[in-house]
Amino acid sequence: MAAPEKACISGTVETIVYHNEANDYTVVELVGDDDSLITAVGELPFLAEGEEVILYGRWTTHATYGRQFVVESFEKRLPSDVQAILRYLSSRAVKGVGPVIAAKIVSRYGADTFDVIENHPDWLADIPGISPKKAAAISESFREQSGVRSVMMFCRDFFGAATTTRVYKRFGAGAVGMIRENPYCLCEAELGIGFAKADEIAATLGFDREAQVRLASGLHYVLSYNAIANGHSCLPREKLIAAGAEQLGVSLEQIEVALDRCLREGSLVAYARVDEGEKTPRSYIFTAENAEAEAYVAKKMLTLDRYCTTYDTGDIELMIARAEAEQGIRYASLQRQAIHRALTGGVLVLTGGPGTGKTTVILALLRIFEFLGNKVALAAPTGRAAKRMSEAARYEARTIHRMLEMERTEDAALPRFNRNSGNPLDENVIIVDEASMLDLPLMQGLLRAMRNGTRLILIGDADQLPSVGTGNILCDLLSSRVFQTVRLTEIFRQSQQSLIVTNAHRINRGEAPVLDRADSDFFFVSRPYENQIAATVASLICERLPRAYGEEMREKIQVITPSRKGRAGTEVLNGLLQEKMNPPSPEKREVRFRDHLYREGDRVMQVRNNYDIEWEKGGISGSGIFNGDIGVIERIEARDEMLYIRYDDRLAKYEYSMLEELEHAYAITVHKSQGSEYPVVILPAYSCAPQLLTRNLIYTAVTRAREMVVVVERQDIVAGMVENNRHDMRYTCLAARLTEGAVG
């Protein structure tokens with residue numbers, strides 16, 4: 001079916017039927033120029049009844065509400081006739097003006113009302129009920145509205161309404177002047193505008209390709225892009241210069257001059273270190289924000305390690321004996337060593353693979369710190385990791401974000417932690433699990449909230465994938481060799497019975513996994529052709545495994561795949577598995593959001609932390625659904641534009657506007673599975689991007705399973721992954737800063 005043709009309509013806003021403050025989705029009734037009544041929907045920020053608008057978009061027919069105009073962009077014009085002016089002012093679009101004051105102003109000044117408000121506010125004070133102070137406030141509010149209109153008009157040729165709104169909220173009424181002066185200010189991460197678009201606007205405004213502001217912004221962009229896409233907190237100087245010259249299409253010499261100027265001005269920061277095997281220092285370049293964050297993390301961790309209470313060996317032995325008696329076990333040698341080191345230093349890094357007893361150490365430390373009267377906080381980077389930690393330790397664990405009382409600023413892209421150096425955490429022992437997922441900004445936020453003298457214990461598996469975000473915290477701490485470190489290596493007897501654990505350790509050592517034990521919990525299905533893999537995965541979930549283990553098996557399975565792309569990536573698998581596991585039905589309501597169709601019964605994942613989503617659990621209300629949480633769409637209410645999603649025993653409600661926070665979760669990437677655990681994991685192994693076919697990726701995937709792993713692969717793919725011990729290089733200087741600080 002052909003897409004509806006684009007159209008343009010104009011008229012006056014009669015009624016604002018609905019407006020969502022979070023995303024500016026609006027439903028309005030418009031009186032067209034031909035006096036027809038039109039329903040228009042879309043992102044329509046800063047709209048007021050009585051305003052004259054020009055709307056660009058398409059006509060469509062809604063199944064429930066009939067014919068509507070879907071707005072893609074729009075222009076605002078001030079009303080011109082007296083009645084429209086009165087209606088506009090009566091709608092309270094201008095602060096301090098309601099229906100009564102509006103009538104008085106319009107009665108006196110008529111068609112000149114807007115000119116008086118903007119240019120002669122003192123005249124308003126002649127009207128009873130308007131003081132000089134109030135007249136000035138009315139004029140200021142009106143000029144702000146003019147600023148909104150100017151931003152809308154300026155940006156309409158470059159962005160849609162949603163981006164324009166973000167620009168206005170970020171820069172205010174002076175946005176147009178700021179963009180004209182420096183269009184590259186639009187590259188700020190929270191605006192979602194890439195360098196290429198800002199560069200296009202700059203060219204339109206007549207900026208020279210060799211202008212300093214362009215070159216400096218290009219260097220910032222290269223650093224920021226690599227931080228987000230590749231996890232680098234910095235880049236070697238020579239690599240930054242080469243990438244900058246290629247990005248901007250100028251010479252290496254021009255970029256070098258621009259870089260040196262940025263370093264002198266302090267917008268970029270250099271750090272020199274001597275790399276392993278080298279004799280001369282190499283210069284690494286940071287954005288000012290990442291340089292400050294990395295330096296702070298190093299300094300604060302060294303401070304925590306130096307100024308924490310320590311205990312005598314004899315006392316520690318008594319406490320260990322007491323904890324062993326309470327748990328009814330005897331700790332292994334390395335576990336005892338970990339407990340000792342946790343009590344004789346301010347920072348402990350504990351690492352080890354599955355089945356090596358990390359949870360046992362956590363339980364022991366909880367008991368010992370309770371003996372000592374310490375307040376302990378358990379935390380993890382994600383909601384699912386925190387939930388796992390709570391279940392294993394039988395002690396409340398929170399996400400680090402919740403522990404730090406994260407709030408969103410007015411711009412939702414910028415989190416703020418209420419717990420910080422001015423309002424530190426009350427606990428004097430912080431134990432963080434899944435520490436391989438810690439990125440630089442989160443680590444900085446955590447350390448800012450810790451008082452000097454607080455003990456920090458980081459627990460994780462250094463052989464898993466690194467954090468999705470900037471930095472390589474856990475590996476940097478280990479490679480610095482500055483802090484107390486214990487690596488658990490013994491696999492305990494109950495875990496030795498699991499081929500999942502055995503194979504995980506074999507993979508980690510670069511050995512081929514055992515695949516020929518029919519009575520095991522680790523199975524291997526070979527397919528000679530990649531185009532058979534997705535169908536085999538669907539068959540395993542829908543037919544073979546439920547037939548062998550019962551229908552309840554179907555709900556236990558999570559497909560974890562290396563990539564979003566390819567013949568067995570999440571994009572293909574989610575479409576196929578939705579069709580097989582939850583096909584269309586007259587009894588199931590659906591809603592389409594952008595390129596995705598959500599249906600009652602679909603399995604979905606929350607893809608960002610949202611502390612405001614409301615949920616109910618057994619008559620108790622709460623809020624907060626976290627990145628990585630997987631649930632099932634239980635109900636769709638088209639009239640109210642709401643979805644109800646069941647997350648285990650919590651029923652959460654979503655407005656349609658929040659669907660951008662969801663993805664289908666019949667299949668998820670290995671990166672998205674970090675910190676989570678599932679009863680059964682099916683892993684399709686196929687030829688996707690080479691940087692994903694690595695040992696630590698398959699190791700991470702296998703260690704997500706609790707009861708069973710099924711690998712479906714094209715022949716030799718798994719063997720190639722196990723042999724490929726390639727780790728993506730992450731440029732950071734945290735280890736060097738720690739070593740330098742420890743020596744100093």
Side-chain angles (χ1 to χ4, degrees), residues 227 230-233 294 297 301 338 347-359 361-362 378-389 392 397 399-401 430-447 456-489 501 504-505 507-508 560 562 609 626-628 668-678 691-692 694-705 725-732 734-735 738:
N230 302 314
H232 303 309
S233 61
E294 203 175 83
V297 168
M301 290 201 69
V347 175
L348 170 69
V349 182
L350 176 64
T351 185
T356 56
K358 296 190 295 293
T359 300
V361 174
I362 294 174
L378 299 188
T382 68
R384 293 187 73 87
K387 183 178 179 182
R388 282 181 59 203
M389 194 180 192
T399 65
I400 297 174
H401 295 83
I430 309 292
I431 302 176
V432 178
D433 198 11
E434 296 290 352
S436 63
M437 301 176 70
L438 286 169
D439 62 20
L440 182 60
L442 187 57
M443 190 67 180
Q444 181 188 29
L446 173 63
L447 293 172
L456 177 62
I457 299 166
L458 299 175
I459 301 172
D461 189 339
D463 297 312
Q464 290 184 16
L465 293 170
S467 66
V468 175
T470 305
N472 201 9
I473 300 294
L474 183 60
C475 287
D476 283 347
L477 297 180
L478 291 168
S479 63
S480 74
R481 300 180 181 177
V482 168
F483 304 109
Q484 301 264 32
T485 301
V486 176
R487 184 183 185 99
L488 301 177
T489 55
V501 173
H505 286 273
I507 289 168
N508 203 27
I560 300 177
N609 290 330
F626 308 115
N627 183 12
I668 63 175
T669 63
V670 178
H671 283 90
K672 278 292 183 186
S673 75
Q674 285 179 268
S676 301
E677 187 178 72
Y678 310 96
Q691 63 267 30
L692 296 173
T694 61
R695 182 185 301 173
N696 64 345
L697 187 136
I698 189 173
Y699 173 77
T700 301
V702 167
T703 55
R704 300 307 92 203
N725 198 28
R726 173 182 177 271
H727 290 261
D728 287 338
M729 167 64 73
R730 286 211 170 181
Y731 292 114
T732 74
L734 179 58
L738 288 167

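Note that this is a predicted model, so its numbers are computed, not measured. Computed from heavy atoms alone, side chains included, the values below leave out hydrogens, waters and symmetry copies.
Here the side chains of Y678 and I668 are in contact, with some heavy-atom distance below 4.5 Å. Contact check for V468 versus K672: no side-chain heavy atoms found under the 4.5 Å cut-off. At a threshold of 4.5 Å between non-hydrogen side-chain atoms, the residues H671 and L692 count as touching. H727 places none of its side-chain heavy atoms less than 4.5 Å from the side chain of N472. The shortest side-chain heavy-atom distance between R730 and N230 does not fall under the 4.5 Å cut-off. Between L440 and I473, some side-chain heavy-atom pair lies under the 4.5 Å cut-off. Contact check for I457 versus I362: no side-chain heavy atoms found under the 4.5 Å cut-off.
Formation of a donor-acceptor pair under 3.5 Å by the Q674 side chain with backbone atoms of L465 is found in this model. Judged purely by atom type and a 3.5 angstrom limit, E294 uses its side chain to pair as donor or acceptor with the backbone of L734. Side-chain N or O atoms of T351 include none that pairs as donor or acceptor with a backbone N or O of R487 at under 3.5 Å. The closest donor-acceptor contact from the side chain of K358 to the backbone of G353 lies under 3.5 Å.
A338 and L350 make their closest contact through CB-CD1, 3.9 Å (heavy atoms, listed as atom of the first residue, atom of the second, distance). When all heavy atoms are compared, the tightest approach of P354 to V501 is O-CG1, 3.5 Å. Looking at every heavy atom in both residues, I400 comes nearest to A379 through CG1-CB, 3.9 Å. Considering every non-hydrogen atom in both R384 and S676, the closest pair reads CD-OG, 3.1 Å. Between A435 and L458, the closest heavy-atom pair is CB-CB, 4.1 Å. Annotation for T359 and A392: closest pair CG2-CB, 3.7 Å, computed over non-hydrogen atoms.
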Output a table of donor-acceptor pairs, distance under 3.5 Å, between side-chain atoms of residues 474-481 and any protein atom two or more places apart or on a different chain; print 'none' if there are none.
| from | atom 1 | to | atom 2 | distance (Å) |
| --- | --- | --- | --- | --- |
| D476 | OD1 | T732 | OG1 | 3.3 |
| D476 | OD2 | T732 | OG1 | 2.7 |
| S479 | OG | C475 | O | 3.1 |
| S479 | OG | D476 | O | 3.2 |
| S480 | OG | L477 | O | 2.8 |
| S480 | OG | V482 | N | 3.4 |

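The side chain to side chain contact (heavy atoms under 4.5 Å, CB included) search around R388 returns E434, E677, R704, not counting sequence neighbours. Under the side chain to side chain contact (heavy atoms under 4.5 Å, CB included) criterion, T694 pairs with N696, L697, N724, sequence neighbours left out.
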(request) Could you walk me through whether I507 and R695 pass side-chain contact (heavy atoms from CB on, under 4.5 Å), step by step? (result) CA-CA 7 Å; I507 289 168; R695 182 185 301 173; 3.9 Å; yes

(message) One pair to check against side-chain contact (heavy atoms from CB on, under 4.5 Å): V486 and V361. What are the steps and the verdict?
(response) CA-CA 11 Å; V486 176; V361 174; over 6 Å; no

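Distance CG/N508 to OH/Y699: 4.5 Å, rounded to 0.5 Å. Taking NE2 of H232 as the start and CE of M729 as the end, the distance is 8.5 Å to the nearest 0.5 Å. Here the OG1 atom belonging to T703 is positioned 4.5 Å from the CD atom belonging to Q464, to the nearest 0.5 angstrom. A distance of 11.5 Å separates CD of Q444 from OG1 of T470, quoted to the nearest 0.5 Å. Within the model, atoms CG of D463 and OG1 of T700 stand 8.5 Å from one another, a figure rounded to the nearest 0.5 Å. In this structure, the separation between CE on M437 and CG on L442 is 10.0 Å, given to the nearest 0.5 Å.
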